[in-house]
K.L.:
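Once you've had a glance at the structure underneath, I'll fire off some questions.
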Amino acid sequence: MAFLLLLHQKMRLQRKQNQLTLKQLRYTSLVERMQKKVDKREKYYAKLEKQLERQANCYKNSANMFFSQQMGLGCNGVNLNNMYGSSMAAIQMLGQWGDKDPMGNPVKAEDIQIAQAMMAGQYQLSKDGKSYIFNINGSEQTYDKDAIEKGNYQKIMQMAQSQVTQMQTYATQCKSNYENNVSIWLEAQQEQLEAQKEWEMDMLAEEQADLEAEKTSVETQLELIKQEKQNIEGMLGQAIQDAAPKFGLA
């Protein structure tokens, strides 16, 4: 009778062990899937952070070009160390004068064209040294050397350069103010994203902890069942030995 009872207990424990083994496999799979989900969300938020930084840089670069163009400086105007950009900006500035300089003094279109050609280096001294040959609007035009050197072209060029410098300074200030605003915007967006990330990752961490706790509980139960089953098997072995006929043997 004791043998049958032990055998029944062993079978019951075996069924329980099988159930817990399946449950262990299920929770192991859930924990692995949860870890993959956590890793995926971490990468997702890292990608969003980089996107915010790229967007902020794009805003700053666009503003740089916008303010330069608005001030008539071209794309290189804000770069104070770019002499070519500065000269080109001055040439463009001269083209915006019309028939008056920035001080309101009348100026001839021809004088502006000559000054532009001089700033662009589109002129050369004639072979006899008495004239300057300018390339204006794609055609060569000759002017008396003394007339050019005594003219007010240097003053026109200096005024244009001064105007460029003023516009550069103003554009740089506008650009700096805009970049500060973009930095403030970026910081606010990053804080908002970080708060969202922290909330979601905390939720995932709680869910992950619950799954791991369940998995640990199942593994603990499974280990206890195995130990109990091992004890029953030992008792069964002893019961079999006790029930075996001795044939007169002590």
Side-chain angles (χ1 to χ4, degrees), residues 51-190:
Q51 286 179 348
L52 282 175
E53 293 176 357
R54 285 197 296 265
Q55 189 173 1
N57 289 332
C58 182
Y59 285 155
K60 292 178 181 180
N61 293 334
S62 297
N64 186 10
M65 295 178 62
F66 172 78
F67 289 123
S68 297
Q69 292 173 355
Q70 287 295 106
M71 305 303 169
L73 302 174
C75 296
N76 297 320
V78 176
N79 185 356
L80 299 178
N81 296 321
N82 191 322
M83 297 301 296
Y84 178 76
S86 177
S87 297
M88 291 302 298
I91 292 172
Q92 295 178 12
M93 201 71 70
L94 284 172
Q96 300 172 9
W97 279 14
D99 58 354
K100 292 183 179 180
D101 63 24
M103 304 301 295
N105 301 315
V107 59
K108 296 179 181 179
E110 185 180 19
D111 291 341
I112 292 178
Q113 291 176 342
I114 293 175
Q116 289 176 321
M118 292 176 69
M119 296 184 73
Q122 296 178 344
Y123 69 99
Q124 60 182 346
L125 191 62
S126 62
K127 293 182 179 181
D128 59 12
K130 296 181 179 180
S131 305
Y132 280 113
I133 303 173
F134 289 88
N135 186 342
I136 298 177
N137 295 329
S139 62
E140 293 185 350
Q141 299 185 28
T142 303
Y143 294 89
D144 182 73
K145 179 183 176 182
D146 292 338
I148 293 297
E149 294 178 350
K150 293 179 180 179
N152 59 347
Y153 304 109
Q154 289 296 329
K155 181 180 178 181
I156 291 175
M157 290 187 290
Q158 290 174 0
M159 190 175 296
Q161 290 285 8
S162 177
Q163 191 177 5
V164 168
T165 300
Q166 293 175 3
M167 292 297 101
Q168 284 175 327
T169 301
Y170 182 58
T172 301
Q173 291 175 349
C174 291
K175 176 175 176 286
S176 178
N177 291 337
Y178 187 85
E179 287 183 349
N180 289 335
N181 291 333
V182 170
S183 297
I184 294 172
W185 171 84
L186 177 60
E187 184 177 355
Q189 293 295 315
Q190 288 174 331

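As a basis for the values below, the full set of heavy atoms in this structure was taken, side chains included, without hydrogen atoms, waters or symmetry mates.
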K.L.:
In Å, rounded to the nearest 0.5 Å, how long is the span from CD of Glu187 to CG of Leu52?
P.N.:
12.5 Å
K.L.:
Are the side chains of Asn61 and Met65 in touch, meaning some heavy atoms are under 4.5 Å apart?
P.N.:
no
K.L.:
Should we say atom OH of Tyr153 is surrounded by more than 12 heavy atoms from elsewhere, each under 6.0 Å from it?
P.N.:
yes
K.L.:
Does Lys145 reach the side chain of Leu125, with side-chain heavy atoms less than 4.5 Å apart?
P.N.:
yes
K.L.:
Any chance you could measure Ser162, atom OG, to Met157, atom CE, to the nearest 0.5 Å?
P.N.:
14.0 Å
K.L.:
Please report the closest heavy-atom contact between Thr142 and Ser131, naming both atoms and the distance.
P.N.:
CG2-CB, 3.4 Å
K.L.:
Tell me whether the count of non-hydrogen atoms from other residues, nucleotides or ligands lying under 6.0 Å of CD in Gln122 goes above 12.
P.N.:
yes
K.L.:
To the nearest 0.5 angstrom, please state how far the CE atom of Met167 sits from the SG atom of Cys174.
P.N.:
9.5 Å
K.L.:
Any side-chain heavy atom of Met118 sitting closer than 4.5 Å to one from Ile114?
P.N.:
yes
K.L.:
Decide yes or no for Gln113 and Lys108: does some side-chain heavy atom of the first lie under 4.5 Å from some side-chain heavy atom of the second?
P.N.:
no
K.L.:
Using side-chain hydrogen bond (donor to acceptor under 3.5 Å, both in side chains), reason through Ser139 and Asn137 one step at a time and then give a plain yes or no.
P.N.:
CA-CA 6 Å; Ser139 62; Asn137 295 329; over 6 Å; no
K.L.:
How close do Leu94 and Ile112 get, heavy atom to heavy atom, and via which atoms?
P.N.:
O-CG2, 3.6 Å
K.L.:
Show the numbers, then the answer: is there a side-chain hydrogen bond (donor to acceptor under 3.5 Å, both in side chains) between Tyr59 and Gln55?
P.N.:
CA-CA 6 Å; Tyr59 285 155; Gln55 189 173 1; 2.6 Å; yes
K.L.:
I need the Asp144 CG to Lys150 NZ distance, nearest 0.5 Å.
P.N.:
8.5 Å
K.L.:
So which atom in Asp101 and which in Val107 form the shortest heavy-atom distance, rounded to 0.1 Å?
P.N.:
N-CG1, 3.8 Å
K.L.:
Counting N and O atoms only, with roles assigned by atom type, does the side chain of Asn177 sit under 3.5 Å from a partner on the main chain of Gln173, one being a donor and the other an acceptor?
P.N.:
yes
K.L.:
Is there any ring-ring contact (aromatic ring centres under 6.0 Å, His included) pair reaching into residues 113-136, and which pairs are they, with sequence neighbours excluded?
P.N.:
Tyr123-Tyr132, Tyr123-Phe134, Phe134-Tyr143
K.L.:
Nearest 0.5 angstrom please: Asn57 CG to Ser62 OG, how far?
P.N.:
10.5 Å
K.L.:
Provide the closest heavy-atom pair for Met119 versus Ala90 in the form atom of the first, atom of the second, distance.
P.N.:
CE-CB, 3.2 Å
K.L.:
Give me the atom names and distance for the closest heavy-atom approach of Gln163 to Pro102.
P.N.:
OE1-CG, 3.3 Å
K.L.:
Nearest 0.5 Å, what's the CD1-CD distance between Ile148 and Gln154?
P.N.:
11.0 Å
K.L.:
Does Gln51 CD have over 12 foreign heavy atoms under 6.0 Å away?
P.N.:
yes
K.L.:
Is the shortest heavy-atom distance from the side chain of Met159 to the side chain of Trp97 under 4.5 Å?
P.N.:
yes
K.L.:
Can you name the closest pair of heavy atoms from Gln116 and Ile91 and give their distance?
P.N.:
NE2-O, 2.9 Å
K.L.:
When you measure from the side chain of Ser176 to the backbone of Thr172, do you find a donor-acceptor pair of N or O atoms at a distance under 3.5 Å?
P.N.:
no
K.L.:
Going by salt bridge (charged side-chain N to carboxylate O under 4.0 Å, His left out), name the residues that satisfy it together with Glu179, two or more places apart in sequence or in a different chain.
P.N.:
Lys175
K.L.:
Side-chain contact, heavy-atom cut-off 4.5 Å: Tyr178 with Phe66?
P.N.:
no
